[in-house]
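Chain identifiers are assigned alphabetically (A, B, ...) following the order of the sequence lines, protein sequences preceding nucleic acid strands; residue numbering begins at 1 within each chain.
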Protein chains: 2
Amino acid sequence: MISGDMAIKILKKKNIRLTPQRLELINILSQGNKHWTAEELYHILNERMPSVSITTIYNNINLFCELDIVKEIQFGEGLSKYEWKKKDHYHIVCKLCGDMVDVWYPTLKEVEAVAESISKYKIRSHNLQFYGVCSQCEKQ
Amino acid sequence: MISGDMAIKILKKKNIRLTPQRLELINILSQGNKHWTAEELYHILNERMPSVSITTIYNNINLFCELDIVKEIQFGEGLSKYEWKKKDHYHIVCKLCGDMVDVWYPTLKEVEAVAESISKYKIRSHNLQFYGVCSQCEKQ
DNA sequence: GTCTCTGCAAACCGTTTGCAACGCA
DNA sequence: TGCGTTGCAAACGGTTTGCAGAGAC
């Protein structure tokens, strides 16, 4: 888990400009241990910086994903959330409200190995989500 | 794994009309042990039935999914494929061409149990895909 | 001063919706 | 004959693209 300052050093080293939008996004992402949609990040940033556009959010989270400081979580139906990069883990998603929590289960490396051995594929990664109903939604 | 004839009986029992489009779709899906996009099904059906529309494909695969005779496979970036319903299994997806093969690994029920025990979620299902490169694409 | 980045508008793409005409039962 | 289904066109929603002007360094 890297700090916001570390992320800024990575940008500087690559001669990527430190625009206010970029710095504020890093600030939001690196502080809260959460999962955001692009839209949510847009609204948070918009409060502090009313002129920001959704395009800038996408430009920058895509950049951060390439730099490996942010991770995209695709959880079905074309929906994505983004989280600050940390140790590998899985996610539980609430089918009703979309809320998401981390599951720190050991990475399924041996299942990957099995899948590779029984197929003609070179396996590079896997994607696992759990779907259910959170306690909030269950009450209602 | 049910037969096409079985599927037709299910439709009849529910008073769902046996239109030529519907019967031909069942025919395609139940015979080939494959994974199709809606677009692919549209093109196959279109050769035999030139007036068919993509709307009808979606209408019917969605109906078949509700009837539990077809399964939707969501594999990231909003892309879906569909397969004739069979015993639970996972999929390996080629990152380059989108080709997909089955993995008959035991269902991860104990991982679901772990995820449920460490969270406040009632877990109902999970979704696991492997991503890699198929042997065809590897050659190139 | 240069060249990357921003923000607007428009495009994209797979899928869904509204609806009038069609055709299965 | 009646009502479920089809197929067209338009809408949808999250994301990307093109581009002129802004601004980081």
Quiz item: Among dT17(D), dT16(C), dG7(D), which is the nearest nucleotide to the side chain of Tyr58(B)?
Solution: dT16(C)

Exercise. Provide, to the nearest angstrom, the distance between the CG atom belonging to Leu63(B) and the P atom belonging to dT16(C).
Key: 13 Å

Exercise. Kindly say if Ser51(A) contacts the phosphate of dT6(C), meaning a side-chain N or O under 4.0 Å from OP1 or OP2.
Key: no

Quiz item: Are Tyr131(A) and His91(A) an aromatic pair by the rule of ring centers under 6.0 Å?
Solution: no

Self-check item: Residue-phosphate contact under 4.0 Å: Arg22(A) side-chain N/O, dT6(C) OP1/OP2
Solution: yes

Practice problem: Check whether any side-chain N or O of Asn15(A) sits under 4.0 Å from OP1 or OP2 of dT4(C), and answer yes or no. | Solution: no

Practice problem: Measure the distance from CG on Asn60(B) to P on dC24(C) and round it to the nearest whole Å. | Solution: 14 Å

Practice problem: Rounded to the nearest angstrom, tell me the gap between atom CD1 in Ile8(A) and atom P in dA24(D). | Solution: 15 Å

Quiz prompt | Rounded distance (Å) that lies between atom P of dT6(D) and atom CG of Asn46(B) | solution = 15 Å

Quiz prompt | Asp99(B)/His35(B) under side chain to side chain donor-acceptor pair (under 3.5 Å): CA gap, chis, key distance, verdict | solution = CA-CA 8 Å; Asp99(B) 189 48; His35(B) 319 87; over 6 Å; no

Quiz item: Please give, in whole Å, the distance from dT15(C) P to Asn59(B) CG?
Solution: 13 Å

Quiz item: Does Leu79(B) or Thr19(B) map to a spot on DNA chain C nearer the 5' end, using the closest nucleotide for each?
Solution: Leu79(B)

Quiz item: Does the side chain of Gln21(B) get closer than 4.0 angstrom to OP1 or OP2 of dG7(D) through an N or O atom?
Solution: yes

Quiz item: For Phe75(A) and dT15(D), what is the distance between atoms CZ and C1' respectively, to the nearest whole Å?
Solution: 14 Å

Self-check item: Between dT6(C) (P) and Ile61(A) (CD1): distance, integer Å
Solution: 13 Å

Quiz item: Given the rule that I, L, V, M, F, W and Y join up when any side-chain heavy atoms are under 4.5 Å apart, are Ile26(B) and Val70(B) in one cluster?
Solution: yes

Quiz prompt | Phosphate-side-chain proximity, Thr56(A) and dG7(C), N/O vs OP1/OP2 below 4.0 Å | solution = yes

Quiz item: Honestly curious: do Phe130(A) and Tyr90(B) fall in one hydrophobic cluster under the side-chain, below-4.5 Å linking rule?
Solution: yes

Quiz item: For Asn62(B) and dT15(C), is the shortest distance between a side-chain N/O and OP1 or OP2 below 4.0 Å?
Solution: no

Quiz item: Are Tyr82(B) and Val101(B) joined in one hydrophobic group, where the rule is that I, L, V, M, F, W and Y side chains link up if heavy atoms are under 4.5 Å apart?
Solution: no

Exercise. Give Ser80(B) one of three labels, base, sugar-phosphate or nothing, depending on what nucleic acid heavy atoms sit under 4.0 Å from its own.
Key: sugar-phosphate

Quiz item: Donor-acceptor pair under 3.5 Å: do we get one between Arg17(B)'s side chain and the base of dT5(D)?
Solution: no

Practice problem: With heavy atoms under 4.0 Å as the rule, sort Ile54(B) into base, sugar-phosphate or nothing. | Solution: nothing

Quiz item: Could Arg48(B) and Glu24(B) be called an ion pair, given the rule that one side-chain N must be under 4.0 Å from one carboxylate O?
Solution: yes

Quiz item: Quick one: Ile16(B) CD1 to dC24(C) P, roughly how many Å, whole number?
Solution: 16 Å

Quiz item: Do any side-chain nitrogens or oxygens of Thr55(B) fall under 4.0 Å of OP1 or OP2 in dT15(C)?
Solution: no

Self-check item: Out of dT15(C), dT6(C), dC25(D), whichever nucleotide has its closest atom nearest the side chain of Tyr82(B)
Solution: dT15(C)

